[in-house]
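By convention in this document, chain letters (A, B, ...) are assigned in the order of the sequence lines, proteins followed by strands, and residues within each chain are numbered from 1.
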2 protein chains.
Amino acid sequence: MFPFRIMNQQNVEKLLDMKQVIELVERAYSLKAQKEAALFPMVFHEFSPGKADMDIKSGHLMGADIFGLKLVSWFGDNPSKQLPPLTGFVFVLDSQTGVPIGMMGGEAITLMRTGAAGGIGAKYLARKESEHLLIVGTGHLAPYQIMSTLMLMEHIKKVTVYNHQSLEKATSFCSSLSAKLKEKFLSPYRENQMLFEEYASRIEQVEFVATDQIQKATGEADIIITATPSRQPIIQKEWVRPGTHFSCVGADMAGKQEIDERIFASARVFVDDVAQAVQVGETEIPIKKGIIEKDNILAEIGSVILGTTTGRLSDDDITIFDSTGIALQDLITADYILKQAEAKGIGIVANL
Amino acid sequence: MFPFRIMNQQNVEKLLDMKQVIELVERAYSLKAQKEAALFPMVFHEFSPGKADMDIKSGHLMGADIFGLKLVSWFGDNPSKQLPPLTGFVFVLDSQTGVPIGMMGGEAITLMRTGAAGGIGAKYLARKESEHLLIVGTGHLAPYQIMSTLMLMEHIKKVTVYNHQSLEKATSFCSSLSAKLKEKFLSPYRENQMLFEEYASRIEQVEFVATDQIQKATGEADIIITATPSRQPIIQKEWVRPGTHFSCVGADMAGKQEIDERIFASARVFVDDVAQAVQVGETEIPIKKGIIEKDNILAEIGSVILGTTTGRLSDDDITIFDSTGIALQDLITADYILKQAEAKGIGIVANL
């Protein structure tokens, strides 16, 4: 009999804060670069093309003595059944014994670790004095991308928000965004007055602006984060000014694309995992179209974090971080949650 | 919030009986042959070669509206830590919505569905009047192989048991085996007097004999079931008489082998899944050594069950069923357990 902890979404959310998740995701990337972590092959299945699919991402964090998997289902017709389209689970096991430790709903982890990834891309690749962030996409991912970038890039003064289908959606997203970000992300820091005030002032110092002028917004941005399910490039090469950094977090399956593949030709390209980026990331199309080759990927982001590969060489470089989302981000976050939950007695424990 | 049922080993065991599992596994094989079920690619990882590994087998049973996975860990050093070497879990999700339904410990399911597989191989490929069963291996799998075969082959009079490392183990295994089989497998039939008495008399009519004379035992057997983790052939071609049926259930990873690869040259070969058998089954070595080609596999067992492929053509045929163990067996059994558990209010229900 093994004690096995099961955590629901609410409990997972209670135990997560963005600062912690950023540290965890940086650690996962670093462990991978040090060969202290490994991804297993991804399993992907389409139940009905364009309507329903699932994937199983799994891996081993030797540096944390855990392995496990995340299964994510996407069923596009679910809202008509009063069910969310995306559901997912993370399972964690002990890599010294193979014994399972716990599981939890995957939605909160996915949003937080994906938010952390976009910000980490900016932290290590964007110009330090970047002031202007452009967010493409106003879905579930967007607030998480904004918050992590505000936490990591202290000079941000303006966040422009673009929805490629509707200005109205972008405007609605921006309305009272300061208050929404504070409510969503700052409560974990209430006991740490200094941190709370620092993050609150980061949010307050920013002007949030909705736009339908994507060409103009692109030309003014220092950092562009794309977080859409697009299958057509939204941002054209000609619009991009020197020095821009891209964190592309939307593409996670073959065929998805958010930025003009020609941008890759003259950019410094970094990814979370080479094999996965080539297969399902923003990097897939530029390679398939022959714009770049796999060898043009300079490194995985972990090497930049560790300092073994230089990210940006000059203020004029265009940099790209292709974040496909790797199981190691989920596993390290889930492991943290399970340890916190055990210490605090949160969740259900079954004897398996 | 979704209700998600978690079942421990004891509860799983309570809800399983061999007759039911045989029917479920036959249904899974049949659905696969009708293209109403599909396996996803297997994920296999060795943490430490020969000492610790894990695999994730997953698939979709369209015919039952479920998909899911089984993760099995094998850590050879676990007994020194007072832990079982094999641990595993089965997860079931709804393939109409992607929403998870439940999970359970995988050990009891694995033993039962693997037992069912060996017996089903005999039912569809051995001579109907087979009287003599030889079991190679005296580990956890052996009693399950014996019970399913006794249930399915009504003329069995003698079961010879061989352990290739020790006669003592085989002798110990055979001692009071009748009583052990009755205790382990017959309690679910106590309320069905006819069935109980039929299965009890099947066990009672059998003579259980331990042997260290494998050549002689092979030459006398009608049905041979191999259920060992061997990496060297235990049974040589020259010892096998015409008409023998083999159910090979031990080989489940590359390099494992229980019977002389030359036996395949003149045998009628059936498998549970062609891709998996070629990769990790008893069929792997004969193909790698060029004894047979992949195309010499006559069919998956489901086609024989459905009657679209003939199993045995004559009483002199040597037949082989290579059972590698497929996720569909686990999923269909787990789905049955979850439905029973829901009806009877067994297990823990978490709101995820």
Between [X] and [Y], which heavy-atom pair has the shortest distance, and what is it?
X	Y	value
B:Val90	B:Gly106	CG2-CA, 4.1 Å
B:Ala37	B:Leu328	CB-CD1, 3.7 Å
B:Met104	B:Ile109	SD-CD1, 3.3 Å
A:Leu39	A:Ala327	CD2-N, 3.9 Å
A:Val25	A:Ala116	CG2-CB, 4.0 Å
B:Ala350	A:Ile6	CB-CG2, 4.0 Å

### Summary
Checked B:Val12, B:Val72, B:Leu83 vs chain A; the most non-hydrogen pairs under 4.5 Å come from B:Leu83
### Summary
Max heavy-atom pairs within cutoff under 4.5 Å with chain A, candidates B:Phe4, B:Phe44, B:Phe2, B:Phe40, goes to B:Phe40
Check chain B against chain A and list any donor-acceptor pairs under 3.5 Å.
| residue | atom | partner | partner atom | Å |
| --- | --- | --- | --- | --- |
| B:Asn8 | ND2 | A:Asn351 | O | 3.4 |
| B:Ser73 | OG | A:Gly98 | O | 3.1 |
| B:Asn78 | ND2 | A:Thr97 | O | 2.9 |
| B:Lys81 | NZ | A:Gln96 | O | 3.1 |
| B:Thr87 | OG1 | A:Gly98 | O | 3.2 |
| B:Gln96 | O | A:Lys81 | NZ | 3.1 |
| B:Thr97 | O | A:Asn78 | ND2 | 2.9 |
| B:Gly98 | O | A:Ser73 | OG | 3.1 |
| B:Gly98 | O | A:Thr87 | OG1 | 3.2 |
| B:Asn351 | O | A:Asn8 | ND2 | 3.4 |

### Task
Applying side chain to side chain contact (heavy atoms under 4.5 Å, CB included), run through A:Val271 and A:Ile301 and close with a yes or a no.
CA-CA 6 Å; A:Val271 300; A:Ile301 191 80; over 6 Å; no
Pick one of side chain, backbone, both or neither for [X], based on which atoms fall under 4.5 Å of a heavy atom in chain A.
X	value
B:Leu69	side chain
B:Val43	side chain
B:Ala52	neither
B:Pro84	side chain
B:Met103	side chain
B:Ile348	side chain

### Query
Does the ring center of B:Phe47 lie less than 6.0 Å from the ring center of A:Phe67?
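Ring centroids of B:Phe47 and A:Phe67 are less than 6.0 Å from each other.
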### Query
Do A:Pro85 and A:Pro79 come within less than 4.5 Å of each other through their side chains, counting heavy atoms only?
yes
### Min side-chain heavy-atom separation A:Phe89-B:Pro100 under 4.5 Å
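Counting from C-beta outward, A:Phe89 and B:Pro100 do come under 4.5 Å.
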